[in-house]
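Since the structure comes first, as structure tokens, the remarks are kept for the end.
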Amino acid sequence: MIDAISFENGTLGYLDQRFLPLKEEYVKTVSHREAIEAIKTLAVRGAPLIGVAAGYTVILGLNSYSGSKEDFPAYFNRLIADVEASRPTAVNLFFATARMKEIFERRFESSSLEELFRDMREAARKIHDNEIENCENMARLGVELIREDLAETLETRKLTVLTHCNTGTLATGGSGTALGVIKQAWREGLIEKVITAESRPLLQGLRLTAWELEKENIPFFSISDSSSAFLMQKGMIDFGIVGADRIAANGDTANKIGTCAHAISAYHHNLPFYIAAPVSTIDITIGDGTEIPIEERDADELRTIFGTRVATPTTPVINYAFDVTPGTFIRGIVTDKKAVVGNYEEELKKLFC
Ligand code: MRU
């Protein structure tokens, strides 16, 4: 069992993902500042897990408050702003803070601080529980879709699937989004092999997805990000499935940088390319992908590989952490409520009714 995140007796515990698979270090903290740092540095990462961590981080912040009720609103607003400033793209983080703000607005006047904190604690726990349940639903719906879409191939052989970044237990706390679907499809005998694209520069595919698959004894191999088109050309990939950090109302999807290139290649080779993400990753307030804020990270993430410098410190670098795949290249979006195939503009809206 991988324990990506826990919250017991006012202490946040998490597996520090920066060192995996070489070192399994479980960190415990009661400090919301340390928790924010863990999100910023990707010690805790993956859109759903960032949302879960954000909820618990707010609770840590509340636990260290010793002031009066009168002074609390200013403290709370600063706390929320600090959590929200940690990473900009994964909408799950803002979903978690919005939940806390909503409780604050509804309950502050009429409740004691203890009551308010208790409600927020319950909300944070619920965000976590929901993500675990969401993964189970996505796995079921995703496998149904794959069975249907790839029925012809499945009559003759099992499938090889490409995935990017890490979307498993490490990214969600549950079985995973895209990787949850893959694990379930493998258990049901649909998958022969998984291909994990390395996901430069922080190598979540090579380090983390590979680590999870090894633990589950699921056959896989890793490739460099730039290999996917060639493997598709050679008939070595049947379909792709990845997660998402934010999905716009028209289906445009932000995910780990490199995703868009795989999706375009899949489209060119007439291979299905799916997204698996809970409804909490859909930002229905934005029309299309151009409005998704894309995080730019430190240039040294690219100029170094795990602390070893591979380019001069003055090499100019652009280091976007995510890209946006237009909905037109996406065969289907598997959510926890429904697998939506095409017509995103109409269908995604309905998930919020
Ligand atoms: O920068 P990261 O590692 O947080 O990026 C993670 C991804 O891009 C994942 O694919 C996405 O969050 C979905 S996780 C279920």
Side-chain angles (χ1 to χ4, degrees), residues 2 4-5 14-20 38-54 86-96 128 130-132 134-139 142 162-183 196-212 225 240-247 253-263 273-283 292-298 301-302 319-325 330 333-336:
I2 298 168
I5 201 160
Y14 61 88
L15 191 53
D16 191 330
Q17 300 188 28
R18 291 171 300 170
F19 308 124
L20 288 174
I39 296 173
K40 274 189 187 161
T41 59
L42 272 68
V44 172
R45 49 148 296 282
L49 200 77
I50 290 172
V52 173
S86 59
R87 290 195 78 188
T89 303
V91 75
N92 308 58
L93 183 146
F94 301 90
F95 176 88
H128 192 176
N130 282 348
E131 289 304 354
I132 295 172
N134 290 343
C135 290
E136 284 161 22
N137 291 332
M138 277 181 277
L162 170 74
T163 192
H164 191 69
C165 196
N166 172 267
T167 60
T169 303
L170 291 170
T172 59
S175 63
T177 57
L179 200 57
V181 174
I182 291 172
K183 287 173 186 170
T196 71
E198 62 173 346
S199 317
R200 277 281 286 150
L202 298 180
L203 306 175
Q204 290 92 329
L206 183 73
R207 296 186 301 112
L208 307 178
T209 302
W211 185 72
E212 281 198 40
D225 295 330
I241 185 164
V242 300
D245 284 80
R246 196 182 292 225
I247 302 172
T253 295
N255 190 50
K256 180 55 54 200
I257 192 85
T259 300
C260 185
H262 300 314
F273 194 86
Y274 306 103
I275 303 293
V279 174
S280 55
T281 302
I282 301 171
D283 188 346
I292 300 177
I294 299 295
E295 178 181 11
E296 269 194 86
R297 296 189 58 86
D298 196 288
E301 279 185 356
L302 206 71
N319 184 21
Y320 286 118
F322 303 97
D323 60 22
V324 178
T325 301
I330 297 165
I333 299 178
V334 181
T335 76
D336 51 296

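As the structure lists them, so they are numbered: ligands from 1, and atoms in each ligand from 1.
- Looking at Gln204 next to ligand 1, an N or O pair under 3.5 Å apart turns up.
- In this structure, the side chains of Val242 and Thr325 stay at 4.5 Å or more apart for every pair of heavy atoms.
- Note: an N/O pair closer than 3.5 Å links Gly46 and ligand 1 by distance alone.
- Inter-residue side-chain proximity for Ile275 and Asn255 is flagged as unmet; no heavy-atom pair is nearer than 4.5 Å.
- Nearest-heavy-atom check against atom 14 (S) of ligand 1 across Ala171, Pro278, Gly176, Cys165 picks out Ala171.
- By the 4.0 Å N-to-carboxylate-O rule, Arg200 lies too far from Asp225 to be salt-bridged with it.
- Contact analysis leaves Ala321 out of contact with ligand 1, as no non-hydrogen atom separation drops below 4.0 angstrom.
- Counting heavy atoms from C-beta on, the side chains of Phe322 and Lys256 come closer than 4.5 Å.
- The protein heavy atom nearest to atom 15 (C) of ligand 1 is Thr177 OG1, 3.0 Å.
- Considering backbone and side-chain N/O atoms, Asp245 comes within less than 3.5 Å of an N/O atom of ligand 1.
- Of all protein heavy atoms, the one lying nearest to atom 10 (O) of ligand 1 is Asn255 OD1, 2.6 Å.
- From the protein, the heavy atom lying nearest to atom 5 (O) of ligand 1 is Lys256 CE, 3.3 Å.
- Closest to atom 4 (O) of ligand 1 among all protein heavy atoms lies Arg87 NH1, 2.8 Å.
- The shortest heavy-atom distance from His164 to ligand 1 is not under 4.0 Å.
- Between Thr167 atom OG1 and Lys183 atom NZ the span is 8.0 Å, to the nearest 0.5 Å.
- The closest approach between a heavy atom of Ala244 and any atom of ligand 1 is below 4.0 Å.
- In this structure, the separation between SG on Cys165 and CG on Leu206 is 12.0 Å, given to the nearest 0.5 Å.
- For the pair Arg45 and ligand 1, the shortest N or O to N or O distance falls below 3.5 Å.
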Without placing hydrogens or testing angles, list every side-chain donor-acceptor pair under 3.5 Å for residues 45-53, not counting sequence neighbours.
from, atom 1, to, atom 2, distance (Å)
Arg45, NH1, Gln17, OE1, 2.8
Arg45, NH1, Asn166, OD1, 3.3
Arg45, NH2, Asn166, O, 2.8

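- With rounding to the nearest 0.5 angstrom, the CD1 atom of Ile241 is 7.5 Å from the OG1 atom of Thr163.
- Proximity of Arg87 to Asp245: side-chain heavy atoms (C-beta onward) are nowhere separated by under 4.5 Å.
- Only side-chain heavy atoms of Leu42 come within less than 4.0 Å of ligand 1; its backbone N, CA, C and O stay farther off.
- Not a single heavy atom of Val242 sits under 4.0 Å from any atom of ligand 1.
- Nearest protein heavy-atom neighbour of atom 12 (O) of ligand 1: Ala47 N, 2.8 Å.
- Leu170 is listed as a side-chain neighbour of Trp211, based on a closest heavy-atom distance under 4.5 Å.
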